[in-house]
Amino acid sequence: MANRIMTHLLCYDDHRSITEDIKKRFDDTSRYRVDSFLSFQDLIARSTIEKEVSSCKVAIICVPDAPEQFEAIGQFTADIRKADPSTGMILLGPPDKMDELKKVVRFNIDAYIPKNSNSVLRIHNTVKKLISEYSISIYRRRRNLSFYILFGFIILAAVLLLIARIRFPEYF
């Protein structure tokens, strides 16, 4: 693989409890950049800044334990999608309130992960899946462009062959 895709992990964590574990898991600075935010506005501002840069972006949002804040998280995820629709979303929430969270925030989320001992591993696997989907979309665009160029060349060659047949019939 000639070039590596730079992945930006945008973590929203009130208490920075999981951010340090994520930084330890994604320690390769040539492939990952982990940024931690304490406010929604900072994360949305960074997401809009990073929109111009073509790289894979994943927002990891640690949901507070209070169920009354689930609506705010739902609005927050919608704002991130408005800022950059290609950003992947991972919600990290309390395991006992995961069903309530799925009911309130059900759109635009790539993964719901409960907070437990193996949540960092599940985050890692989900990020790898999102990177793969991003790579596939890049290669799909390149393939489609190549097909369009190929079909254009075939049509041009057919038109030139038809013109040559009409103009010089003695060679055919």
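The chain is numbered in sequence order, starting from 1.
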For [X], the rest of its hydrophobic cluster, which grows through side-chain links under 4.5 angstrom:
X    : result
V34  : L9, I18, I22, F26, Y32, V58, I60, I90, L92, I113, V120, I123, V127, L130, I131
I166 : L162
I136 : none

Once you round to the nearest 0.5 Å, how far does [atom1] of [X] lie from [atom2] of [Y]?
X    : Y    : atom1 : atom2 : value
F70  : E100 : CZ    : CD    : 6.0 Å
I61  : Y12  : CD1   : OH    : 9.0 Å
L150 : I155 : CG    : CD1   : 10.0 Å
N144 : R141 : CG    : CZ    : 10.0 Å

Taking side chain to side chain donor-acceptor pair (under 3.5 Å) as the test, write out the residues that go with [X], two or more places apart.
X   : result
D79 : Q75
T77 : none
S39 : D42

Would you mind listing every side chain to side chain donor-acceptor pair (under 3.5 Å) that reaches into residues 148-167, with sequence neighbours excluded?
none

Which pairs, with at least one residue in residues 86-95 and sequence neighbours excluded, count as a side chain to side chain donor-acceptor pair (under 3.5 Å)?
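Pairs touching residues 86-95 that pass the test: D84-S86, D84-T87.
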
Between [Y] and [X], is there a side-chain heavy-atom distance shorter than 4.5 Å?
X    : Y   : answer
R25  : D21 : no
V63  : Q69 : no
F76  : I44 : yes
Y134 : T7  : no

Minimum heavy-atom distance [X]-[Y], with the two atoms named:
X    : Y    : result
M89  : N108 : CG-O, 3.4 Å
P64  : I73  : CD-CD1, 4.2 Å
S55  : H8   : OG-CD2, 2.8 Å
P114 : S119 : O-CB, 3.4 Å

Within 6.0 angstrom of D27 CG, more than 12 heavy atoms from elsewhere:
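Atom CG in D27 is packed in, count exceeds 12.
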
Any residue meeting salt bridge (Lys or Arg N to Asp or Glu O under 4.0 Å) with D28, in chain and number order, not counting sequence neighbours:
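For D28, the residues satisfying salt bridge (Lys or Arg N to Asp or Glu O under 4.0 Å) (neighbours in sequence not counted) are R4.
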
Begin from the C-alpha positions of L101 and M98 and carry the test side-chain contact (heavy atoms from CB on, under 4.5 Å) through to its verdict.
CA-CA 5 Å; L101 181 63; M98 196 55 73; 4.0 Å; yes

Which pairs with one or both residues in residues 107-116 pass salt bridge (charged side-chain N to carboxylate O under 4.0 Å, His left out), sequence neighbours excluded?
R81-D110

Going by ring-ring contact (aromatic ring centres under 6.0 Å, His included), name the residues that satisfy it together with Y112, two or more places apart in sequence or in a different chain.
none

Among residues at least two apart in sequence or on other chains, which ones pass side chain to side chain contact (heavy atoms under 4.5 Å, CB included) with N118?
N116, R122

